[in-house]
> 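Attaching a single structure in C-alpha coordinates format; questions to follow.
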Amino acid sequence: MSAPGPTPGSTGEGPVPDPAAAAHDGDALPARQRTYPDDHGAVPIRRATGPVRVERLVTAGTFSLDGGTWEVENNVWIVGDDEQCVVLDPAHDPQKVVEAVAGRDVVAILLTHAHDDHIRSVKEVAGQVGGDIHLHPADTMLWEQVYPHTAFDAELADGDEFTVGAATLTVLHTPGHSPGSVCFSAPDLGESGILFSGDTLFAGGPGATGRSYSDFPTIVGSIRDRLLTLPPATEVLTGHGDTTTIGAEAPHLQEWIDRGH
(Lines give C-alpha, C1' and ligand atoms only; values in the text may rest on other atoms or scores of the structure.)
Protein backbone atom coordinates (compact mmCIF):
# COMPACT_ATOMS: atom_id res chain seq x y z
CA MET A 1 0.00 0.00 0.00
CA SER A 2 1.50 3.32 -1.01
CA ALA A 3 0.39 6.86 -0.52
CA PRO A 4 0.88 10.06 -2.49
CA GLY A 5 3.66 12.48 -1.69
CA PRO A 6 3.95 14.09 1.74
CA THR A 7 1.67 16.85 2.86
CA PRO A 8 3.57 20.15 2.51
CA GLY A 9 5.49 21.04 5.66
CA SER A 10 5.65 17.46 6.95
CA THR A 11 8.71 15.27 7.40
CA GLY A 12 6.48 12.24 7.09
CA GLU A 13 6.71 11.52 10.83
CA GLY A 14 4.60 13.84 12.99
CA PRO A 15 1.47 15.85 12.34
CA VAL A 16 1.70 18.74 9.90
CA PRO A 17 2.64 21.93 11.77
CA ASP A 18 -0.07 24.52 12.29
CA PRO A 19 1.24 27.80 10.83
CA ALA A 20 -0.60 29.79 13.50
CA ALA A 21 0.99 27.71 16.23
CA ALA A 22 4.42 28.07 14.63
CA ALA A 23 4.05 31.85 14.70
CA HIS A 24 3.86 31.66 18.49
CA ASP A 25 6.86 29.37 18.90
CA GLY A 26 8.51 30.17 22.23
CA ASP A 27 5.31 31.17 23.96
CA ALA A 28 4.15 29.19 26.97
CA LEU A 29 2.60 25.94 25.81
CA PRO A 30 -1.04 25.31 26.64
CA ALA A 31 -1.63 22.68 29.31
CA ARG A 32 -2.54 20.00 26.79
CA GLN A 33 0.87 20.37 25.16
CA ARG A 34 2.99 20.32 28.29
CA THR A 35 6.19 18.31 27.94
CA TYR A 36 7.75 15.70 30.13
CA PRO A 37 11.29 16.44 31.31
CA ASP A 38 13.93 16.06 28.61
CA ASP A 39 16.79 13.60 28.74
CA HIS A 40 16.67 11.71 32.04
CA GLY A 41 13.47 13.20 33.39
CA ALA A 42 11.39 10.59 35.19
CA VAL A 43 7.61 10.46 35.08
CA PRO A 44 6.12 9.63 38.50
CA ILE A 45 4.16 6.41 38.67
CA ARG A 46 1.34 6.67 41.19
CA ARG A 47 -0.88 3.71 40.43
CA ALA A 48 1.67 0.95 39.98
CA THR A 49 2.74 -0.82 43.14
CA GLY A 50 6.51 -0.70 43.42
CA PRO A 51 9.15 1.70 42.12
CA VAL A 52 8.26 1.53 38.42
CA ARG A 53 9.12 4.74 36.56
CA VAL A 54 9.04 6.07 33.03
CA GLU A 55 12.09 7.89 31.69
CA ARG A 56 12.28 10.00 28.56
CA LEU A 57 15.36 10.54 26.41
CA VAL A 58 15.35 13.00 23.53
CA THR A 59 17.72 12.04 20.73
CA ALA A 60 18.48 13.72 17.41
CA GLY A 61 19.25 12.34 13.98
CA THR A 62 17.67 11.91 10.57
CA PHE A 63 14.63 10.24 9.02
CA SER A 64 14.88 8.99 5.43
CA LEU A 65 12.22 7.53 3.14
CA ASP A 66 11.20 7.79 -0.51
CA GLY A 67 14.42 9.58 -1.47
CA GLY A 68 14.22 12.36 1.11
CA THR A 69 16.07 12.94 4.39
CA TRP A 70 15.04 15.21 7.26
CA GLU A 71 16.49 16.11 10.64
CA VAL A 72 14.30 14.90 13.51
CA GLU A 73 14.23 14.59 17.28
CA ASN A 74 12.82 11.39 18.76
CA ASN A 75 11.48 10.44 22.16
CA VAL A 76 12.95 7.26 23.61
CA TRP A 77 10.92 5.83 26.50
CA ILE A 78 12.32 3.50 29.17
CA VAL A 79 9.89 1.84 31.59
CA GLY A 80 11.21 -0.03 34.59
CA ASP A 81 12.39 -0.21 38.16
CA ASP A 82 15.88 -0.45 39.63
CA GLU A 83 16.35 -4.03 38.41
CA GLN A 84 14.75 -4.33 34.97
CA CYS A 85 13.21 -2.30 32.17
CA VAL A 86 11.82 -2.26 28.66
CA VAL A 87 13.14 0.17 26.05
CA LEU A 88 10.82 1.70 23.44
CA ASP A 89 12.22 2.99 20.14
CA PRO A 90 15.92 3.51 21.04
CA ALA A 91 16.63 6.07 18.32
CA HIS A 92 19.84 7.74 17.09
CA ASP A 93 22.12 7.70 20.14
CA PRO A 94 23.02 4.22 21.41
CA GLN A 95 25.36 5.44 24.13
CA LYS A 96 22.70 7.69 25.63
CA VAL A 97 20.31 4.74 25.81
CA VAL A 98 22.97 2.46 27.32
CA GLU A 99 23.71 5.03 30.01
CA ALA A 100 20.00 5.36 30.84
CA VAL A 101 19.54 1.59 31.10
CA ALA A 102 22.39 1.69 33.63
CA GLY A 103 23.03 -2.03 33.79
CA ARG A 104 19.44 -3.11 34.32
CA ASP A 105 18.09 -6.32 32.84
CA VAL A 106 16.33 -5.38 29.60
CA VAL A 107 13.15 -7.45 29.35
CA ALA A 108 12.51 -6.40 25.75
CA ILE A 109 13.26 -3.72 23.17
CA LEU A 110 9.90 -2.65 21.74
CA LEU A 111 9.54 -0.90 18.38
CA THR A 112 6.40 1.05 17.57
CA HIS A 113 7.20 0.81 13.86
CA ALA A 114 10.16 0.42 11.52
CA HIS A 115 10.87 3.85 10.04
CA ASP A 116 14.62 4.22 9.97
CA ASP A 117 14.84 6.94 12.61
CA HIS A 118 13.28 4.53 15.10
CA ILE A 119 15.36 1.46 14.23
CA ARG A 120 18.74 2.45 12.79
CA SER A 121 20.44 2.28 16.21
CA VAL A 122 18.48 -0.63 17.66
CA LYS A 123 20.94 -3.40 16.77
CA GLU A 124 23.79 -1.53 18.43
CA VAL A 125 21.69 -0.88 21.51
CA ALA A 126 20.64 -4.53 21.73
CA GLY A 127 24.24 -5.63 21.37
CA GLN A 128 25.20 -3.57 24.41
CA VAL A 129 22.23 -3.94 26.77
CA GLY A 130 20.69 -7.26 25.68
CA GLY A 131 17.00 -7.84 25.17
CA ASP A 132 15.20 -9.17 22.11
CA ILE A 133 14.04 -6.70 19.46
CA HIS A 134 10.26 -6.88 18.95
CA LEU A 135 8.48 -5.52 15.85
CA HIS A 136 5.13 -6.11 14.18
CA PRO A 137 5.76 -8.26 11.07
CA ALA A 138 3.70 -5.96 8.83
CA ASP A 139 6.67 -3.55 8.94
CA THR A 140 9.20 -6.15 7.78
CA MET A 141 9.69 -4.39 4.42
CA LEU A 142 10.72 -1.19 6.26
CA TRP A 143 13.02 -3.13 8.59
CA GLU A 144 14.71 -4.71 5.58
CA GLN A 145 15.49 -1.29 4.09
CA VAL A 146 17.82 -0.75 7.06
CA TYR A 147 18.80 -4.35 7.87
CA PRO A 148 18.50 -6.29 4.59
CA HIS A 149 20.33 -9.36 5.85
CA THR A 150 19.33 -9.45 9.54
CA ALA A 151 15.94 -10.30 11.02
CA PHE A 152 14.49 -8.80 14.17
CA ASP A 153 14.17 -11.21 17.09
CA ALA A 154 10.45 -11.52 17.78
CA GLU A 155 7.11 -10.54 16.27
CA LEU A 156 4.60 -8.31 18.02
CA ALA A 157 0.91 -9.17 17.81
CA ASP A 158 -2.17 -7.32 18.99
CA GLY A 159 -2.81 -8.18 22.64
CA ASP A 160 0.75 -9.22 23.51
CA GLU A 161 1.74 -8.21 27.03
CA PHE A 162 5.10 -7.22 28.50
CA THR A 163 5.46 -7.04 32.27
CA VAL A 164 8.17 -5.07 34.03
CA GLY A 165 7.97 -4.68 37.78
CA ALA A 166 4.33 -4.04 38.66
CA ALA A 167 3.43 -2.61 35.24
CA THR A 168 2.12 -4.33 32.12
CA LEU A 169 2.32 -2.92 28.59
CA THR A 170 -0.24 -4.29 26.11
CA VAL A 171 0.25 -4.13 22.35
CA LEU A 172 -2.40 -2.33 20.30
CA HIS A 173 -1.97 -2.79 16.55
CA THR A 174 -2.68 0.64 15.05
CA PRO A 175 -1.80 0.62 11.33
CA GLY A 176 -1.83 3.74 9.22
CA HIS A 177 1.48 5.56 9.75
CA SER A 178 2.89 2.24 8.62
CA PRO A 179 1.23 -1.17 8.25
CA GLY A 180 2.90 -2.51 11.38
CA SER A 181 2.56 0.51 13.64
CA VAL A 182 1.65 -0.34 17.22
CA CYS A 183 1.00 1.49 20.47
CA PHE A 184 1.55 0.20 24.00
CA SER A 185 -1.16 0.70 26.61
CA ALA A 186 -0.15 0.76 30.28
CA PRO A 187 -3.25 1.48 32.40
CA ASP A 188 -1.35 1.00 35.68
CA LEU A 189 1.16 3.76 34.97
CA GLY A 190 0.80 7.44 35.75
CA GLU A 191 -2.21 8.99 37.42
CA SER A 192 -4.77 7.63 34.95
CA GLY A 193 -2.88 5.32 32.64
CA ILE A 194 -0.30 5.90 29.91
CA LEU A 195 -0.33 5.20 26.18
CA PHE A 196 2.96 5.03 24.30
CA SER A 197 1.66 6.10 20.91
CA GLY A 198 4.76 5.96 18.72
CA ASP A 199 3.97 7.93 15.57
CA THR A 200 0.26 7.06 15.47
CA LEU A 201 -1.09 9.91 17.64
CA PHE A 202 0.52 13.23 18.52
CA ALA A 203 -0.45 16.41 20.30
CA GLY A 204 -2.43 17.95 17.47
CA GLY A 205 -3.38 14.99 15.34
CA PRO A 206 -2.46 11.75 13.63
CA GLY A 207 1.01 10.80 12.50
CA ALA A 208 1.83 11.72 8.92
CA THR A 209 0.55 9.52 6.11
CA GLY A 210 2.08 11.11 3.02
CA ARG A 211 4.75 8.50 2.31
CA SER A 212 5.09 4.91 1.20
CA TYR A 213 3.15 2.27 3.11
CA SER A 214 1.02 4.85 4.95
CA ASP A 215 -2.70 5.53 4.66
CA PHE A 216 -4.81 8.31 6.17
CA PRO A 217 -8.19 6.51 6.44
CA THR A 218 -6.42 3.60 8.09
CA ILE A 219 -4.70 5.71 10.75
CA VAL A 220 -7.95 7.56 11.48
CA GLY A 221 -9.70 4.24 11.99
CA SER A 222 -6.93 3.04 14.29
CA ILE A 223 -7.09 6.18 16.40
CA ARG A 224 -10.89 6.24 16.52
CA ASP A 225 -11.40 2.55 17.29
CA ARG A 226 -8.32 1.66 19.37
CA LEU A 227 -7.09 4.84 21.08
CA LEU A 228 -9.96 7.28 21.60
CA THR A 229 -11.82 4.52 23.42
CA LEU A 230 -9.26 4.71 26.25
CA PRO A 231 -10.09 6.79 29.35
CA PRO A 232 -9.90 10.52 28.57
CA ALA A 233 -7.28 11.16 31.25
CA THR A 234 -4.87 8.65 29.69
CA GLU A 235 -1.55 10.38 29.08
CA VAL A 236 -0.18 9.96 25.55
CA LEU A 237 3.60 9.72 25.37
CA THR A 238 4.53 10.23 21.74
CA GLY A 239 7.37 9.25 19.43
CA HIS A 240 8.26 12.89 18.74
CA GLY A 241 7.49 16.17 20.47
CA ASP A 242 5.03 16.98 23.21
CA THR A 243 2.83 14.72 25.26
CA THR A 244 -0.95 14.99 25.31
CA THR A 245 -4.00 13.12 26.63
CA ILE A 246 -6.75 11.12 24.99
CA GLY A 247 -9.30 13.63 26.25
CA ALA A 248 -7.41 16.55 24.70
CA GLU A 249 -7.29 14.93 21.27
CA ALA A 250 -10.67 13.17 21.01
CA PRO A 251 -12.77 16.29 20.30
CA HIS A 252 -10.67 17.03 17.20
CA LEU A 253 -11.29 13.79 15.30
CA GLN A 254 -13.70 15.34 12.80
CA GLU A 255 -11.31 18.25 12.25
CA TRP A 256 -8.57 15.81 11.24
CA ILE A 257 -10.90 13.97 8.91
CA ASP A 258 -12.03 17.24 7.30
CA ARG A 259 -8.48 18.51 6.76
CA GLY A 260 -7.28 15.12 5.48
CA HIS A 261 -4.13 14.81 7.58
> If we ignore hydrogens and angles and just use 3.5 Å, is the side chain of Thr245 paired with the main-chain N or O of Ala248 as donor and acceptor?
yes
> Under the side chain to side chain contact (heavy atoms under 4.5 Å, CB included) rule, collect the residues that match up with Pro231, sequence neighbours excluded.
Thr234
> Considering non-hydrogen atoms only, spot the tightest contact between Gln84 and Val107 and give its length.
NE2-CG2, 3.8 Å
> Please determine which of Thr112, Thr209, Asp139 meets the side chain to side chain donor-acceptor pair (under 3.5 Å) test together with Ser178.
Asp139
> Are any non-hydrogen side-chain atoms of Pro94 and Ser121 less than 4.5 angstrom apart?
yes
> Between Ser185 and Leu169, is any pair of side-chain heavy atoms under 4.5 Å apart?
no
> Which of these, Phe152, Phe162, Phe184, sits in a ring-ring contact (aromatic ring centres under 6.0 Å, His included) with His134?
Phe162
> Should the ring pair His113 and His118 be called parallel, tilted or perpendicular, given that the plane angle runs from 0 to 90° and is split at 30 and 60?
tilted
> When you compare the side chain of Leu172 with that of Leu227, does any pair of heavy atoms fall below 4.5 Å?
yes
> Asn75 side chain to Gly241 main-chain N or O, any donor-acceptor pair under 3.5 Å?
yes
> List the atom of Glu73, the atom of Ala60, and the distance in Å for their closest heavy-atom pair.
CG-CB, 4.2 Å
> So, the side chain of Trp77 versus the backbone of Thr238: is there a donor-acceptor pair under 3.5 Å, distance only?
yes
> Going by atom types alone, do Thr62 and Thr69 pair a side-chain donor with an acceptor below 3.5 Å?
no
> What I'd like to find out is whether the side chain of Leu88 reaches to under 4.5 Å of the side chain of Ile78, using heavy atoms alone.
no
> Using a 3.5 Å distance criterion without hydrogens, assess whether the side chain of Ser214 forms a donor-acceptor pair with backbone atoms of Arg211.
yes
> Check whether the side chains of His252 and Glu249 place a donor and an acceptor atom closer than 3.5 Å, and report yes or no.
no
> Under 3.5 Å, is there a donor-acceptor pair between the side chain of Asp153 and the main chain of Asp132?
no
> Starting from the C-alpha separation in whole Å, work towards a yes-or-no answer on side chain to side chain contact (heavy atoms under 4.5 Å, CB included) for Leu110 and Val87.
CA-CA 6 Å; Leu110 305 177; Val87 180; over 6 Å; no
> As a quick check of understanding, evaluate side chain to side chain contact (heavy atoms under 4.5 Å, CB included) for Trp256 and His261, giving each step before the final call.
CA-CA 6 Å; Trp256 307 335; His261 58 76; over 6 Å; no
> Specify whether His115 and Phe63 have parallel, tilted or perpendicular ring planes, treating 30° as the upper limit for parallel and 60° as the lower limit for perpendicular.
tilted
> To the nearest 0.5 Å, how far apart are OG in Ser181 and CG in Leu201?
12.0 Å
> Residues two or more places apart in sequence or in another chain: which of them pass side chain to side chain contact (heavy atoms under 4.5 Å, CB included) with Gln145?
Leu65, Leu142, Tyr213
> Determine whether Val97 and Val76 satisfy the following criterion, side chain to side chain contact (heavy atoms under 4.5 Å, CB included), listing intermediate values before the conclusion.
CA-CA 8 Å; Val97 177; Val76 180; 4.3 Å; yes
> Has Glu83 got more than 12 heavy atoms of other residues, nucleotides or ligands less than 6.0 Å from its CD?
no
> Please confirm whether the backbone N or O of Ser64 pairs with a side-chain atom of Asp116, one donor and one acceptor, at under 3.5 Å?
yes
> Between the main-chain N or O of Val171 and the side-chain N or O of Glu161, is there a donor-acceptor pair closer than 3.5 Å?
no
> Could you go step by step and tell me if Cys85 and Val101 meet the side chain to side chain contact (heavy atoms under 4.5 Å, CB included) rule?
CA-CA 8 Å; Cys85 64; Val101 169; 4.2 Å; yes
> So does Ala91 get a backbone contact from the side chain of Asp89, meaning a donor-acceptor N/O pair under 3.5 Å?
no
> Return the minimal non-hydrogen interatomic distance between Glu55 and Ala100, and the atom names on each side.
OE2-O, 4.4 Å
> Please find the pair of heavy atoms, one from His173 and one from Val182, that lie closest to each other, and give the distance.
CA-CG1, 4.1 Å
> Between OG of Ser192 and CD1 of Ile246, what distance do you get to the nearest 0.5 Å?
12.0 Å
> Going by the angle between their ring planes, with limits at 30° and 60°, are Phe202 and His240 parallel, tilted or perpendicular?
tilted
> Mind checking the CG-OG1 spacing from Asp188 to Thr170? Nearest 0.5 Å is all I need.
9.0 Å
> Hey, does Val86 have a side-chain heavy atom less than 4.5 Å from the side chain of Phe196?
no
> Is Val79 close to Val52 at the side-chain level, that is, under 4.5 Å between some pair of heavy atoms?
yes
> Indicate yes or no: at least one non-hydrogen side-chain atom of Glu235 is less than 4.5 angstrom from one of Leu195.
no
> Nearest heavy-atom pair of Val58 and Lys96: which atoms, and what distance?
O-NZ, 2.7 Å
> Please confirm whether the backbone N or O of His177 pairs with a side-chain atom of Asp215, one donor and one acceptor, at under 3.5 Å?
no
> To check you understand the geometry: which heavy-atom pair defines the closest contact between Leu111 and Leu156, and what is its length?
O-CD1, 3.6 Å
> Just by distance, do the side chain of Arg104 and the backbone of Asp82 share a donor-acceptor pair under 3.5 Å?
no
> In the structure I gave you, are the side-chain heavy atoms of Ile223 and Thr200 within less than 4.5 Å of one another anywhere?
yes
> Side chain to side chain contact (heavy atoms under 4.5 Å, CB included) with Asp225: which residues, sequence neighbours excluded?
none
> Side chains of Thr174 and Ser222 only: does a donor on one sit below 3.5 Å from an acceptor on the other?
no
